[in-house]
Structures are given as structure tokens and as C-alpha cells.
A.B. asks: 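Input: one structure, supplied below.
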Amino acid sequence: MEHKGFVLWFTGLSGSGKSTISRLFETEMRKRGASIEILDGDEVRENLSKGLGFSKEDRDTNIRRIGYVAKLLARNGAIAVTAAISPYAEVRDQVRRSCGRFVEVYAECSIEELCKRDVKGLYAKALSGEIKNFTGISDPYEAPENAEIVVNSETQSAEESTAIVIEYLEKQGLIKAAQTA
Ligand SMILES: Nc1ncnc2c1ncn2[C@@H]1O[C@H](COP(=O)(O)OP(=O)(O)O)[C@@H](O)[C@H]1O
Ligand SMILES: [Mg+2]
């Protein structure tokens, strides 16, 4: 069986593990010989979406752009992983409809835990009002209701979450099982 192109779309609050799990997944997929690219939210905002802000309109534009590139990659046989917050359900669903094979992964984590973790110090700034329009604190986050996969960084390690993603994709026949020696 050959690898098929598809979009693996992470959504979740800042610090919920989207980038971490994406990278672990990427490493494993490269070992299995797949073509894979990660469109990571922070990196996209430096390049493809430079100049966009955090209004609903700009956030939706950012997501449409990521979705467009992901679609092009996936239709050429690559695994296109996206790791942006993507807070709005409607635009996520639009992208889903345009992409063909599309697997949504909800990276779940409570606000309490994210504030405690606060790896980038952003939650403290959002709570003090220094950063405005911060998703989950002062801006909406619409959790997906029908994500194919839900992972939770409070109850699982990043490795366990990655294994859950891989198991789902193997069951769906979207990726090959690892070679056993
Ligand atoms: N189970 C877990 N899964 C993913 N990340 C975890 C987990 N437990 C702790 N972390 C930590 O939480 C942070 C998640 O950050 P990151 O992956 O950058 O999130 P995001 O890309 O969603 O903003 C990292 O510092 C990571 O080490
Ligand atoms: Mg990230």
C-alpha cells in the first residue's frame, strides 16, 4: 500500500500541544518514507500570513490560506499537517469541504492547565490584558464537535497522543504500518 495524500488538521488552544505532536508525528512519518510538511501557525504568520492580525476576519483569512496550501500538498500525495489554533468552526469546516481527505485532531487541554504551563508566558500577558484578543482568554475558541481524533495533553504524554493519531490513520488506511524487522 502506498501512502496517500491527506490533510491532518490540528486545532486547539495555544500551548495545547499542536506543534509538539505534529513534530513527533512528522519524525515517525519520515521514518516510514512519507512526504510530509507541517504548516505551523507561528511560522505561517511569519511568512504566508505576515501582516495579518487577530480579528475574526484576519484569523479566518489565515486559516483559508493554510487550508489552500494544505490542499495543494495533499493532492500531490503529501501529508499536509496544519498546526494553527484555528478557533472558528465554520472556516475549519469550509477548509474540510475543500480538502478532500481531511482528518481533524482536537488538541484538548483546560485553560487552567495551560495557564499553569504557560510555556511562552502568553497566558500571563493575556490575563493581565497586555495581550488582547487572546484565544481562550479574551477571544473565542469553538471546540470541534466532530473531530476524527481527540488528544489531551493533560491526560496523555505527547508520545501517547502521537500514537493515537498514528493508530487512527493506520486504521483508515491513510498511512502504512511501520515495517517490522
Ligand atoms: N502531553 C503533551 N502533549 C503535548 N505537549 C505537552 C504535553 N505535556 C506537556 N506538553 C508541553 O506543552 C507545550 C505544548 O506546546 P506546543 O506544542 O507549542 O503547543 P501549540 O503548538 O498547541 O501552541 C510544550 O512545551 C510541551 O512540551
Ligand atoms: Mg504551535
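Keep in mind that the numbers below use all heavy atoms, side chains included, and drop hydrogens, waters and symmetry copies. Just so you know, ligand 1 is whichever comes first in the structure, and atom 1 is the first atom listed for that ligand.
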A.B. asks: We want to know whether Ser153 and Arg117 form a side-chain donor-acceptor pair, criterion being a heavy-atom distance below 3.5 angstrom.
C.D. replies: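 Side-chain D/A pair, Ser153 to Arg117: present.
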A.B. asks: Which heavy atom of Ser86 sits nearest a heavy atom of Tyr141, and at what distance?
C.D. replies: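 Heavy atoms only, the tightest pair is O-CE1, 4.1 Å.
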A.B. asks: Is the cationic atom of Lys56 (NZ for Lys, CZ for Arg) positioned less than 6.0 Å from the six-membered ring centroid of Tyr88 and within 45 degrees of its normal?
C.D. replies: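 Yes; both conditions hold, so Lys56 lies above the ring face of Tyr88.
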A.B. asks: Quick one: do the Thr135 and Arg59 side chains pair a donor with an acceptor below 3.5 Å?
C.D. replies: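 Side chains of Thr135 and Arg59: pair found under 3.5 Å.
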A.B. asks: Quick one: do the Glu108 and Ser16 side chains pair a donor with an acceptor below 3.5 Å?
C.D. replies: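 Not at all, the side chains of Glu108 and Ser16 share no donor-acceptor pair under 3.5 Å.
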A.B. asks: Is any side-chain heavy atom of Ile137 closer than 4.5 Å to one of Tyr123?
C.D. replies: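 Yes; the side chains approach each other to less than 4.5 Å.
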A.B. asks: Heavy-atom contacts with ligand 1 below 4.0 Å: which residues, ordered by chain and residue number?
C.D. replies: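 Lining ligand 1 at under 4.0 Å, by heavy atoms, one finds Leu13, Ser14, Gly15, Ser16, Gly17, Lys18, Ser19, Thr20, Arg117, Val119, Ser153, Gln156, Ser157, Ala158.
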A.B. asks: What is the total of protein N/O/S atoms that are closer to the Mg ion (ligand 2) than 2.8 Å?
C.D. replies: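 Excluding waters, the total comes to 1.
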A.B. asks: How about CD on Glu170, more than 12 heavy atoms from neighbouring residues, nucleotides or ligands closer than 6.0 Å, or not?
C.D. replies: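 Correct, the count exceeds 12.
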A.B. asks: For Asn133 and Ser138, test the side chains for any donor-to-acceptor distance below 3.5 angstrom and give the result as yes or no.
C.D. replies: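 Side-chain D/A pair, Asn133 to Ser138: absent.
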A.B. asks: Inspect the contact between Glu148 and Arg96 and indicate whether a charged nitrogen and a carboxylate oxygen are less than 4.0 angstrom apart.
C.D. replies: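 Salt bridge between Arg96 and Glu148, a charged N being under 4.0 Å from a carboxylate O: yes.
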